[in-house]
Asks: 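First the structure, then my questions, so here it is.
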Amino acid sequence: MKKNLLCAFAALTMLTACGTKQENTSETINYNFYNVEHFADLQILRYKVTDFEKLSLQQKKLVYYLTEAALYGHDIFYDQNGKYNLAISRTLEAVYTDWQGDRESADFKAMELYLKRVWFSSGIHHHYGSEKFVPGFAETFFREAVKSVDASKLPLKDGQTVEALLDEICPVMFDPSIMKMRTNQADGEDLILTSAANFYEGVTQQEAEDFYNQMKDPKDEAPISYGLNGKLVKRDGKIVEDVYKVGGLYSPAIEKIIYWLEKAQTVAETPEQEEVIKKLIEFYQTGSLKTFDDYTIAWVKDLDSQVDFVNGFTETYTDPLGMKGSWEALVNFKDMQATRRTETISSNAQWFEDHSPVDPRFKKENVKGVSAKVITAAILAGDLYPATAIGINLPNSNWVRAQHGSKSVTIGNVTDAYNKAAHGNGFNEEFVIGQAELDLINKYADTTDELHTDLHECLGHASGKLLPGVDPDALKAYGSTIEEGRADLFGLYYVANQKLVDLGLTPNLDAYKAQYYTYMMNGLMTQLVRIEPGKNIEEAHMRNRSFIAHWAYEHGKKDNVVELVKRDGKTYVQINDYEKLRDLFGELLAEVQRIKSEGDFEAARRLVEDYGVKVDPVLHQEILERYAKLNLAPYKGFLNPKYEAVTDAQGNITDVTVSYDETYPEQMLRYSREYSTLNIKR
Ligand code: ZN
């Protein structure tokens, strides 16, 4: 399961439900590093592999080999997303690199934009919305351009002419009625026949469902993930599964992946990790989903290795029937510094519990903090590239999770890159009231935001107890909003505490003001950019931020703690008394804990409905207009770094270097040049 696909509006602070980032150092940060380019509704960012150089040589080799294994899945994901994607992208790339005509012409520019979007999606459909891209260039231009380039660069099948290739791909690109959606979810239609995703061929939805239902045994308590690794096709009137494996579908790519996994196996950090890699290789060789389960169980048990990875057919969102795994890969290593920080917080859990403003009857006598696992991504590939999740929770098999557990991690350096890229995008400049507040935010917000998240995750959810006999589901539909609010308030109350300074987690007692300001600004105003005009706030995290901010605003009115002030027709949050605001957060924390501990449904309902749900339509309109003027891209993706092995005269690897200077087209063209394995029969 992917959590927090931070696509839309990631630039806003406060949207990272669980994210920790690198330490905020006082050195000047080059924010331009993180912003690469912006086109259509997409922004390309870059992330930094912090502390890669601190890994041992063995670990660096392991990362390097796993990285190669990750990149060799390139073609698989393109082909899964649509059967013409590889042919189309390679044809576009040939024109992009070799065409001799006017590269400033409107047609060429539009084709370049189209190609950039195809790269981002690994196909001709939007990565998120799933709708087919509309080319902004003429088909006649495209046909002439393709015919003018060296035919050896084109993805021609045996004996195919250039004209025949064009007749094959042009309707797919230019006819809006063909392959309209990658994944159609509209109820009542045949989802397979109306989806371009390349998981089925010649079969109807009914036939596919019958095929897999026949295999399933309802009494099986450890069912394999039926259909995860194969394409269902009708051949000579018979329905068969073409399994992704050595000797099966995608064999040339899988053989390369295995080649690099075998190298990785020789430098595994632990015997457990060696077993993980061995099982994965066996799975790729046999295609056996039973072996796949064995592999995921071994993976869940490997907790001691610092380097870890995902490589395979994983998430099933692209398949309209939710069975077929899209290929993805992630190589990562544990972020020791962030993990130490969460450990510091966790190991002091009892102190925080004892000193909270909550009624002692609702406190835990023995509280155990949760230590959040933070990882540093080293490479993203397939379904995780360039658009990525900021956290991962695997495996997906329910019985494996129940019997063997799962791994849940937050990708720290990716979250950090989102935040860094947001500096200077104009958002804070537009919505923050003045220079003093901006200075506070620029200086401290990255640090205090990550601390707030740590306090929320490691302590907030873990604190407090229900009174005996209280039904854990007593708050019903308000339960998750109250729970998230409780964890947020715990973090808000303590981020302003001297204890954090004493533990070396905040530099001083000014830093928390950055968190308070951005929290109030978000809860009272800026999170509304994610709400459509006329709609209420529905999502639990957004409701909780709204009820906390509005409750504090209303209850602070008599002391003028927080104001909404108007300047030149624009509304701003002004905080007049930070210490009183802290006291208000403490008061609300005590009340929310009481509601939870006593299961007081009526009080939960009133708190959420009175403060968390409704939207002031006039303010909403103003915020939407101001936000639209900033022209920020709603979807973001990441370029990978480039790894190179340094070898001695005998060819032994003596070091692995990491560099970041590729442009977006350079990286995309390199991947398709160097990691291209499939010449799929179409
Ligand atoms: Zn939470």
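When a ligand or atom number is given, it counts from 1 through the structure's own listing order. This is a predicted model, so every value here is computed, not measured.
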Asks: Among pairs that include at least one residue of residues 357-380, which meet ring pair (Phe, Tyr, Trp, His ring centres under 6.0 Å), considering only residues two or more places apart or in two chains?
Replies: none
Asks: Measure from the Zn ion (ligand 1) to each N, O or S atom of His541 and report whether any distance is below 2.8 Å.
Replies: no
Asks: Can the positive tip of Lys476 be found less than 6.0 Å from the middle of the six-membered ring of Phe601, inside 45° of the ring normal?
Replies: yes
Asks: Hey, which N, O or S atom on Glu484 ends up closest to the Zn ion (ligand 1)?
Replies: OE1
Asks: Extract all donor-acceptor atom pairs below 3.5 Å that involve side chains of residues 485-494 and protein atoms in other chains or at least two apart in sequence.
Replies:
{"residue": "Arg486", "atom": "NE", "partner": "Glu483", "partner atom": "OE1", "Å": "3.0"}
{"residue": "Arg486", "atom": "NH1", "partner": "Ser463", "partner atom": "O", "Å": "2.7"}
{"residue": "Arg486", "atom": "NH1", "partner": "Ser463", "partner atom": "OG", "Å": "3.4"}
{"residue": "Arg486", "atom": "NH1", "partner": "Gln593", "partner atom": "OE1", "Å": "2.7"}
{"residue": "Arg486", "atom": "NH2", "partner": "Gly460", "partner atom": "O", "Å": "3.4"}
{"residue": "Arg486", "atom": "NH2", "partner": "His461", "partner atom": "O", "Å": "3.2"}
{"residue": "Arg486", "atom": "NH2", "partner": "Ser463", "partner atom": "O", "Å": "3.3"}
{"residue": "Arg486", "atom": "NH2", "partner": "Glu483", "partner atom": "OE1", "Å": "3.3"}
{"residue": "Arg486", "atom": "NH2", "partner": "Glu483", "partner atom": "OE2", "Å": "3.1"}
{"residue": "Asp488", "atom": "OD1", "partner": "His456", "partner atom": "ND1", "Å": "2.8"}
{"residue": "Asp488", "atom": "OD2", "partner": "Tyr519", "partner atom": "OH", "Å": "2.6"}
{"residue": "Asp488", "atom": "OD2", "partner": "Asn544", "partner atom": "ND2", "Å": "3.0"}
{"residue": "Tyr493", "atom": "OH", "partner": "Arg582", "partner atom": "NH2", "Å": "3.1"}
{"residue": "Tyr494", "atom": "OH", "partner": "Phe352", "partner atom": "O", "Å": "2.5"}
{"residue": "Tyr494", "atom": "OH", "partner": "His355", "partner atom": "O", "Å": "3.3"}
{"residue": "Tyr494", "atom": "OH", "partner": "Ser356", "partner atom": "N", "Å": "2.9"}

Asks: Nearest to the Zn ion (ligand 1), which N, O or S atom of His456 do we find?
Replies: NE2
Asks: Counting backbone and side-chain atoms alike, does Glu483 have an N/O/S atom under 2.8 Å from the Zn ion (ligand 1)?
Replies: no
Asks: Rounded to the nearest 0.5 Å, what separates atom OG1 in Thr506 from atom CG in Leu509?
Replies: 6.5 Å
